[in-house]
Amino acid sequence: MMRDELSAMVLSAARAAMDAGVLPHVVLPEVIIERPARPEHGDYATSLPLRLARAARANPIEIAKAIAERLPASDAVAAADVAAPGFINFRLAEAWIAAQVDAIIAAGDAFGDLALGGGARVQVEFVSANPTGPLTAGNGRGAAIGDVLASVLQAAGYDVEREYLVNDAGTQTEVFGRTLLARYQQLFERDVQIPEDGYPGEYMIDVARRLKDECGDAYVDAAVDAPPPEFVVRGVDLMVEAIGSDMERLGVHYDAWFRERSLYTAGEAGGAPYDEAMAVLRQRGSLVEKEGALWFASSELGEDKDNVVVRSTGRPTYFASDIAYHYDKFVRRGFERVIDVWGADHQGHVSRMKAAVEAVGVDPSRLEIIIYQLVSFRRGDELVRLSKRAGNIVLMRDVVEEVGADAARFFFLARSADSQMEFDLDLAKKQAADNPVYYVQYAHARIAGILANAQERGLPAEGGDVALLTHPLELELVRRMLQLPELVQMMAQTLEPHHLPHYAQDLATAFHAFYTECRVLDADHPPLSAARLKLCAAARLTLARALTLMGVAAPGRM
RNA sequence: GCCCCCGUAGCUCAGUGGAUAGAGCGCCAGCCUCCGGAGCUGGAAGCACAGGUUCGAGUCCUGUCGGGGGUACCA
């Protein structure tokens, strides 16, 4: 990547300047290569001279000159100008830029891939909503963020697994079971009520019907407050199926559906993860008994307070499960990094989870937790708050059905996880043609159309000489394409996939601008035509890659 | 009260401590003898407020105000 090369070049030039005695020997900070906002400042720039000025006790301009003079030669760099108050601005050679078109075509679908991750195993766990109901529209945001983050990390060279934790062991599962049994027995005209704190949704009746179809009246006399375990398990399975199919509709595929229950049973890998994790905590003195319950002594680790892991009833809490779960991820399964994507309502859980991971002997920096702010949905002027208990709930599958998986993903993705976002369903549906996602997809389809057209007319791209690409808009388009690897690197480092939709739009804009000004198919000028067809092919590849990373379709026509 | 996130254009949102803050929608004015007009070009309009750090702050720190979330032996 050009940026890395420039960084290395500046570093070696700075060292050369120091060795020559032109600069005093000072500790060099990381050489940051930025992209100037203004074209007249070149393609890349560094402010290293400004950063060095104080330590070196020298004028930044003089430092810049000293470094610029010693930069190693490069075919890619046409100029390295010193600019006030102490920048070095790099301008790429146009011939080099044009030549990258061939490089991109050669890279093909792998354009944008990096070796950054070195094959390290990373798990991305996302959504993991309780299997007590269908996914809400808000879950869609977590799904898009987690799925695309995983794709980005894969592109960056990590070995990635996508996982969904199925909470099938806790209190909510119990409530779910009691509700389900009541609904089931109601189908047999029994006079039973769903629990007060139960799940009133209609979908529970559908699940009950499925169970009735499968099991007949086997559970008609079961005690309502003590549903048979196999009955609940089957109910959960049906919900998990529904969740899986909702995810498929959004284009999300998991590698693993991890059962919370499995944390409590011994398996081939050894004893129950829960038992092992608790043993480690106990051994390290991180568990204290008080008020009849067992607590994780997190206040001794700098937390605000301790947290219950085993209730006075003897039942483990969700926190206990999560400790065992993360113990399993790191210690049992050996992931080098684990990324959890949680909604803002889990924010309070972050620091104690990290403390717990540390307490079981794992470097907490290996656990990275992405908190995304909650989404509010709007239908026209009406604001809809999401809650599984509320009647005005918006389901993820409804959103996907209304606006399409592509638009849904694109929109969920386009805002940073830190920002609350507003999703106007009416608008997304009504103005479908104005959606940015269509703009980007249209650019892709347009290029595909041109390439197909070229074939029909017998205008081959093969043999095109990209050195003929000298028009400013042609070069601007290539410059945009060259940003993709940098973007992948940045997103993999910051775990911020929201840059992707913005990049895709910019890339599409660059193409449209080029296309408006530059005639591609031109029988009167075959060489230029062939070169531009190559440019189109590279642009299509890059656009397709950006779309694919987002999980958005790259249509050949629309 | 305490903790976390956010206040950027009329609206929805971008903006790795840099050099004159961007996009989409909306608004105004233009562009089709020609490869896909679902396109292109131009214009009006903005960093909540007050201090601080820095050569340089939308970005970092502190405070105020405003919005959201958390603060359970729920998950």
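Computation of the quantities below employed the complete heavy-atom set of this structure, encompassing side-chain atoms and omitting hydrogens, waters and symmetry-equivalent molecules. Below, read A as the first sequence line, B as the second, and so on, with proteins coming before strands; counting in each chain starts at 1.
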Determine the contact category for A/R352: base if any of its heavy atoms lies under 4.0 Å from a base atom, sugar-phosphate if only primed atoms, P, OP1 or OP2 are that close, otherwise nothing. base

Atom CG of A/D418 and atom P of B/rC6 are separated, to the nearest Å, by 4 Å

Can you pull the ring-ring contact (aromatic ring centres under 6.0 Å, His included) pairs that have at least one residue in residues 513-538 of chain A, sequence neighbours excluded? A/F511-A/F514, A/F511-A/Y515

By the Watson-Crick or G-U definition, both distances under 3.5 Å, B/rC65 is matched with B/rG7

Within the stacking criterion (centroid distance below 5.5 Å, interplanar angle below 30°), does A/Y515 stack on B/rG39? no

Quick one: label A/M421 by what it contacts on the DNA or RNA (base, sugar-phosphate, nothing), any heavy atom closer than 4.0 Å. sugar-phosphate

Over all strands shown, is A/Q373 touching base, sugar-phosphate only, or nothing at heavy-atom distances under 4.0 angstrom? base

Is the distance from OP1 or OP2 of B/rU16 to the nearest side-chain N or O of A/Y503 less than 4.0 Å? no

Per atom distances to the A/H346 side chain, the nearest of B/rU12, B/rA75, B/rG68 is B/rA75

So what's B/rC27 paired with, Watson-Crick or G-U wobble, going by both distances under 3.5 Å? B/rG43

A/N435 atom CG is separated from B/rC11 atom P, nearest whole Å, by 20 Å

Run the side chain to side chain contact (heavy atoms under 4.5 Å, CB included) test on A/D406 and A/Q441 for me, step by step, so that the C-alpha distance in whole Å, both residues' side-chain angles and the decisive distance to 0.1 Å come before the verdict. CA-CA 10 Å; A/D406 288 342; A/Q441 288 181 318; 2.9 Å; yes

A/Q420 (side chain) and B/rG69 (base): donor-acceptor pair under 3.5 Å: no

Scan A/A417 against the nucleic acid and name what it touches under 4.0 Å (heavy atoms): base, sugar-phosphate only, or nothing. nothing

Salt bridge (Lys or Arg N to Asp or Glu O under 4.0 Å), that's the test. Do A/R35 and A/E486 meet it? Break it down for me. CA-CA 11 Å; A/R35 282 197 172 262; A/E486 292 174 12; 2.8 Å; yes

A/L48 atom CG is separated from B/rG18 atom P, nearest whole Å, by 15 Å

Within the structure shown, what part of the strands sits under 4.0 Å from A/R315 by heavy-atom distance: base, sugar-phosphate, or nothing? nothing

Pairs: protein N or O with nucleotides 59-62 of chain B N or O, under 3.5 Å:
none

For B/rU16, which nucleotide in any strand shown is its Watson-Crick or wobble partner with both distances under 3.5 Å? none

Quick check on B/rG15: is either OP1 or OP2 less than 4.0 Å from any side-chain nitrogen or oxygen of A/H499? yes

Sugar-phosphate only, base, or nothing, as touched by A/S416 at under 4.0 Å among non-hydrogen atoms: sugar-phosphate

For B/rC2, which nucleotide in any strand shown is its Watson-Crick or wobble partner with both distances under 3.5 Å? B/rG70

Could you tell me whether A/C536 contacts a base, only the sugar-phosphate backbone, or nothing, with contacts defined as non-hydrogen atoms closer than 4.0 Å? nothing

For A/A45, which contact category applies under a 4.0 Å heavy-atom criterion: base, sugar-phosphate, or nothing? base

Can A/H41 be classed as stacking with the base of B/rA19, given a centroid separation cut-off of 5.5 Å and a plane angle cut-off of 30°? yes

Can you tell me how far P of B/rC25 sits from CZ of A/R378, to the nearest Å? 17 Å

With a 6.0 Å cut-off on the ring centroids, do A/Y325 and A/F258 count as close? yes

Checking A/D168 side chain against A/R261 main chain: does a donor-acceptor pair fall under 3.5 Å? yes

CG of A/N307 to CG of A/L294, rounded to nearest 0.5 Å, is 12.0 Å

Please check the phosphate of B/rG15 (OP1 and OP2 only) for any side-chain N or O of A/H498 closer than 4.0 Å. yes

Quick one: label A/Q441 by what it contacts on the DNA or RNA (base, sugar-phosphate, nothing), any heavy atom closer than 4.0 Å. nothing

How long is the span from the CG atom in A/N89 to the CZ atom in A/R38, to the nearest 0.5 Å? 12.0 Å

With a non-hydrogen cut-off below 4.0 angstrom, is A/G556 in contact with a base, only sugar-phosphate, or nothing? base

Quick one: is A/T171 getting a side-chain N or O under 4.0 Å of the B/rA75 phosphate, OP1 or OP2? yes

Within 45 degrees of the axis of the six-membered ring of A/F296 and under 6.0 Å from its centre: does A/R352 put its NZ or CZ there? no

In terms of side-chain heavy atoms of A/R415, which of B/rG18, B/rA75, B/rU12 is nearest? B/rU12

Hey, does the side chain of A/N89 come within less than 4.0 Å of B/rA19's phosphate (OP1/OP2), counting only N and O? no

Roughly how far, to the nearest 0.5 Å, is the CE atom of A/M239 from the OG1 atom of A/T173? 11.5 Å

Separation of atom CD in A/E40 from atom P in B/rA19, rounded to whole Å: 12 Å

In Watson-Crick or G-U wobble terms, both distances under 3.5 Å, what is the partner of B/rA38? none

If you check the A/H502 side chain, which of B/rC73, B/rG36, B/rC13 turns out closest? B/rC13

note: A/Y442, atom OH; B/rA38, atom C1'; distance rounded to Å ~ 6 Å

Is any side-chain N or O of A/T516 under 3.5 Å from a base N or O of B/rG39, one able to act as donor and the other as acceptor? no

Restricting to side-chain hydrogen bond (donor to acceptor under 3.5 Å, both in side chains), what partner residues turn up for A/N167, sequence neighbours left out? A/E260

So, is A/S419 close to the B/rC5 phosphate, meaning a side-chain N or O under 4.0 Å from OP1 or OP2? no

Whole-Å distance, A/R35 CZ to B/rA14 C1', equals 17 Å

CD of A/E517 versus P of B/rC32: gap in Å, rounded? 13 Å

